[in-house]
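This report concerns only the one structure given below.
Because the structure is predicted, anything quoted here is derived from the model rather than measured.
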Amino acid sequence: MSAHHRMLGAAVVSRLPGAGHSPLALERAPHGLFLLWAAYMGLLVFASVLLWRAGAWHRLVDADPTGLTQVITALFSGCSVWVGRRAWALGEQRRRLDAWMAHGAGSGEAPDWAAEYRRGGGTPGADRGTWLQVLGERAHGPHEMAWWLNGIQLKLGLLGKVIGFSILALQLGSAQSFDPAQASSLLKTLTGGLGIALLTTVTGLTGNILLGLQLMRLDRFADALVADAIASAPPGAISGEAHGAGPTGS
């Protein structure tokens, strides 16, 4: 199992219904993966607007003086935009591959990753295992950094928990005796530290799961793209693949 699948959020996402399945019928439509991502982001934006109208975002910012929740939110937003661009790029590769499989060399489509694999693997004396690795890198390579950033969200949430409980410990340690006159101030400080710990952890875990779901679908789509690219190659171009390393899995 690859490293990113050991993360808590990815482990939860991988067990959601349909998360590990091959591309859905909608995803196989022209730019269907991008449209599915757009619908998903539309739901998240709608939920965010409702939270904003309810004042949840303002309370979240006020309750976290460390700014970690804002960092996690910005990281999630940036990665989600990248997922949309990646979904469009993978959709273009799928469209070109489908056109080639339907019409062959007369499809008139621009060269794609599958065409690069067919040409390189079909060259006499070519190292077909290397070309298979190149195809896998084209399809999956950029996802590794996104998975790493997805894990960073969870780590930032845990960092906020450590900071929050550290504030609790410092305040309790500095209290020489219980003074009823200072009880209100002490309770407010303790509640603030506990709020930091809980809010950052919840924000990091939520962002990790929501972004992990997007990346999981990207990986499954890329898996199917690689499999169809291999199947589209002439028999001579794939005869030596058993001796080469496979593409990066999702």
Side-chain angles (χ1 to χ4, degrees), residues 2-16 19 34 36-87 142-175 183-219:
S2 54
H4 59 252
H5 284 166
R6 292 195 294 267
M7 298 176 186
L8 178 60
V12 172
V13 167
S14 65
R15 288 167 174 77
L16 291 176
F34 176 80
L36 187 63
W37 170 85
Y40 179 78
M41 292 306 298
L43 289 175
L44 293 183
V45 170
F46 178 70
S48 298
V49 171
L50 291 181
L51 290 175
W52 177 76
R53 290 174 64 89
W57 289 113
H58 302 293
R59 290 194 292 269
L60 184 65
V61 171
D62 293 338
D64 179 21
T66 66
L68 287 175
T69 54
Q70 294 94 304
V71 173
I72 294 172
T73 303
L75 183 60
F76 172 80
S77 301
C79 289
S80 294
V81 171
W82 178 88
V83 169
R85 296 180 60 185
R86 183 65 179 172
H143 302 180
E144 294 300 321
M145 178 59 73
W147 276 112
W148 181 80
L149 292 174
N150 188 44
I152 289 297
Q153 294 183 107
L154 188 58
K155 292 178 175 62
L156 288 174
L158 296 177
L159 177 61
K161 176 184 286 187
V162 172
I163 293 174
F165 282 110
S166 297
I167 294 175
L168 283 173
L170 290 174
Q171 291 299 323
L172 290 175
S174 62
S184 177
S185 176
L186 179 61
L187 182 61
K188 182 178 180 180
T189 303
L190 295 179
T191 304
L194 185 60
I196 293 173
L198 294 178
L199 289 175
T200 54
T201 302
V202 170
T203 305
L205 184 58
T206 302
N208 185 258
I209 293 174
L210 293 177
L211 181 58
L213 184 59
Q214 300 178 61
L215 295 175
M216 190 70 70
R217 296 315 305 169
L218 277 186
D219 279 349

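Here the CD-CG distance, from Q153 to L205, works out to 10.0 Å after rounding to the nearest 0.5 Å. The structure places CE of M145 at 10.0 Å from SG of C79, a figure rounded to the nearest 0.5 Å. The structure places CG of D64 at 4.0 Å from OG1 of T69, a figure rounded to the nearest 0.5 Å. Atom-to-atom distance recorded for L154:CG and L159:CG is 11.5 Å, nearest 0.5 angstrom. We find the CG-CD distance between L215 and E144 to be 10.0 Å, quoted to the nearest 0.5 Å. The CD1 atom of I72 sits 6.0 Å away from the CG atom of L68 when rounded to the nearest 0.5 Å.
When all heavy atoms of T200 and K161 are compared, the pair lying nearest together is OG1-N, 3.5 Å. Minimum interatomic distance between G157 and T201 (heavy atoms only, all atoms of both residues): O-OG1, 3.4 Å.
Between the side chain of W37 and the main chain of R85, no donor-acceptor pair closer than 3.5 Å is present.
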Item to complete: Take Q214 and W82 through the test side-chain contact (heavy atoms from CB on, under 4.5 Å) and record every step on the way to the result.
Response: CA-CA 11 Å; Q214 300 178 61; W82 178 88; over 6 Å; no
Worksheet item: Can T203 and L60 be said to form a side-chain contact (heavy atoms from CB on, under 4.5 Å), step by step?
Response: CA-CA 10 Å; T203 305; L60 184 65; 4.3 Å; yes
Discussion item. For N150 and W147: C-alpha separation, side-chain torsions, deciding distance, then whether side-chain contact (heavy atoms from CB on, under 4.5 Å) applies.
Written reply: CA-CA 5 Å; N150 188 44; W147 276 112; 3.8 Å; yes
Practice prompt. Run the numbers on L211 and L149 for side-chain contact (heavy atoms from CB on, under 4.5 Å), then give the verdict.
Written response: CA-CA 10 Å; L211 181 58; L149 292 174; 5.6 Å; no
Tabulate below the donor-acceptor pairs under 3.5 Å that side-chain atoms of residues 39-53 make, not counting sequence neighbours, or state none.
{"unit_1": "Y40", "atom_1": "OH", "unit_2": "L210", "atom_2": "O", "d": "3.0"}
{"unit_1": "S48", "atom_1": "OG", "unit_2": "L44", "atom_2": "O", "d": "2.8"}
{"unit_1": "W52", "atom_1": "NE1", "unit_2": "H58", "atom_2": "NE2", "d": "3.4"}

